[in-house]
Trainee: 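So that we are looking at the same thing, I have put the structure below in structure tokens.
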There are 2 protein chains.
Amino acid sequence: MAIHKKEEFTQKEQDLANFAKAMAHPARIAILKVLAQRNECICGEIVDLLPLAQSTVSQHLKELKNAGLITGTIDGPRSCYCINWKAFEKFNSEFSFLFAHLKLKNEKACC
Amino acid sequence: MAIHKKEEFTQKEQDLANFAKAMAHPARIAILKVLAQRNECICGEIVDLLPLAQSTVSQHLKELKNAGLITGTIDGPRSCYCINWKAFEKFNSEFSFLFAHLKLKNEKACC
DNA sequence: TAGTCTTATCGTATATTTGCGATATAAGAT
DNA sequence: ATCTTATATCGCAAATATACGATAAGACTA
């Protein structure tokens with residue numbers, strides 16, 4: 001785009017949008033599901049489960065990590081990934097707040 | 001990208017990702033907040049509140065509508081937009097399910 | 001030390017998103 | 001009928017995202 005306008009919104013709006021963006025790809029949803037089932041996972045196992053090349057999976061993992069949704073630690077020659085529970089909970093409560101706010105007002109929908 | 005791979009994931013993963021994608025921009029979060037506060041809103045009011053051109057806001061509204069997050073009805077020369085409550089609730093429950101699933105397993109985080 | 005295995009990064013091609021101005025459209029007002 | 005007002009759409013430019021192969025980096029193994 002010609003100019004970035006994202007900075008002109010509130011920090012909360014940007015945070016929520018960034019979190020949503022990190023989840024805005026089925027591959028990343030699938031990765032989160034795998035991590036949830038196993039509570040930990042090395043990169044290779046995720047690569048085996050997804051229909052994507054190793055480099056692409058690594059890139060998705062990096063995005064999830066940058067967004068703070070997961071943590072990664074080096075374990076010898078491998079990398080172990082886990083859900084970053086705190087960040088997830090923070091997003092959930094913020095999202096629920098927005099959602100609850102919507103619900104409260106929704107008694108007389110017009111269209 | 002060279003080839004689309006999104007179709008190779010499950011429908012639920014794609015649905016969740018699409019919903020997240022619709023929320024993955026601060027302008028669209030802001031629009032949803034405005035709609036929540038007023039329970040209905042014409043396009044012009046939203047344009048006044050956002051730091052974006054009218055055509056850009058209209059595009060964001062279109063994306064929210066395409067994703068099913070809002071509904072829009074023509075009201076004379078204006079357009080009235082509202083939250084699509086059912087779609088929002090569906091997403092919330094699916095997201096909560098994923099979240100609860102994560103929570104259940106997270107007693108022994110490794111990293 | 002050389003070889004292997006695992007993961008990250010680089011380079012590149014292509015697709016999608018974002019944003020705006022200009023223009024079209026549609027309804028009410030004069 | 002013409003003008004105004006409100007919104008949608010088109011066309012374009014620039015930024016991002018997606019995907020892959022090739023390659024680098026790091027750590028065990030022989």
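Source: prediction; values computed, not measured. Computation of the quantities below employed the complete heavy-atom set of this structure, encompassing side-chain atoms and omitting hydrogens, waters and symmetry-equivalent molecules. Residue numbers begin at 1 in each chain, while the letters A, B, ... track the order of the sequences.
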Trainee: Answer with base, sugar-phosphate or nothing: what part of the nucleic acid does Ile42(B) contact at a heavy-atom distance below 4.0 Å?
Mentor: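 It contacts sugar-phosphate atoms only.
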
Trainee: Any N or O donor-acceptor pair under 3.5 Å from the base of dA8(D) to the side chain of Gln54(B)?
Mentor: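 Pair found.
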
Trainee: For His25(A) and dT17(C), give me the distance from atom NE2 to atom P, rounded to whole Å.
Mentor: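 My rounded result for the distance is 11 Å.
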
Trainee: Ignoring backbone atoms, establish whether Tyr81(B) has a side-chain N or O less than 4.0 Å from OP1 or OP2 of dA8(D).
Mentor: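 So the side chain of Tyr81(B) is within the cut-off, an N or O lying under 4.0 Å from OP1 or OP2 of dA8(D).
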
Trainee: Taking the side chain as every heavy atom from C-beta outward, state whether Met23(A) and Arg28(A) have any pair of such atoms under 4.5 Å apart.
Mentor: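 No, every pair of side-chain atoms sits at 4.5 Å or beyond.
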
Trainee: At under 4.0 Å between heavy atoms, what does Glu63(B) touch on the DNA or RNA strands: base, sugar-phosphate, or nothing?
Mentor: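 Glu63(B): backbone/sugar contact only, no base atoms under 4.0 Å.
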
Trainee: Between the side chains of Asp15(B) and Gln11(B), does any donor sit under 3.5 Å from an acceptor?
Mentor: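 Yes.
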
Trainee: With DNA chain C as reference, determine whether Phe9(A) or Glu45(A) sits nearer its 5' end, using the nearest nucleotide of each.
Mentor: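 Checking each residue's closest nucleotide, the 5'-ward one belongs to Glu45(A).
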
Trainee: I need the NZ-P distance between Lys6(A) and dA14(D), as an integer number of Å.
Mentor: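 That distance rounds to 18 Å.
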
Trainee: Indicate, with a heavy-atom threshold strictly under 4.0 Å, whether Leu52(A) touches base, sugar-phosphate, or nothing.
Mentor: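 Answer is sugar-phosphate: Leu52(A) comes under 4.0 Å of backbone atoms only.
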
Trainee: Please figure out whether Lys65(B) or Pro51(A) has its closest DNA chain D nucleotide nearer the 5' end.
Mentor: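 Its nearest nucleotide being more 5', the pick is Lys65(B).
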
Trainee: May I ask you to verify if any side-chain N or O of Ser79(A) is less than 4.0 angstrom from the OP1 or OP2 atom of dA8(C)?
Mentor: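 For dA8(C), OP1 or OP2 has a side-chain N or O of Ser79(A) closer than 4.0 Å.
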
Trainee: Hey, which sits more toward the 5' end of DNA chain D by its nearest nucleotide, His60(A) or Pro77(A)?
Mentor: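 Its nucleotide being nearer the 5' end, the pick is His60(A).
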
Trainee: Regarding Thr56(A), tell me which of base, sugar-phosphate or nothing describes its non-hydrogen contacts under 4.0 Å with the strands shown.
Mentor: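 Thr56(A): base contact, heavy atoms under 4.0 Å.
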
Trainee: Below 4.0 angstrom from OP1 or OP2 of dT18(C), is there any side-chain N or O of Arg28(B)?
Mentor: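 For dT18(C), OP1 or OP2 has a side-chain N or O of Arg28(B) closer than 4.0 Å.
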
Trainee: Using a 4.0 Å heavy-atom cut-off, does Lys21(A) contact any base of the nucleic acid, only the sugar-phosphate backbone, or nothing at all?
Mentor: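 Sugar-phosphate: the residue Lys21(A), judged by heavy atoms under 4.0 Å, touches backbone atoms but no base.
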
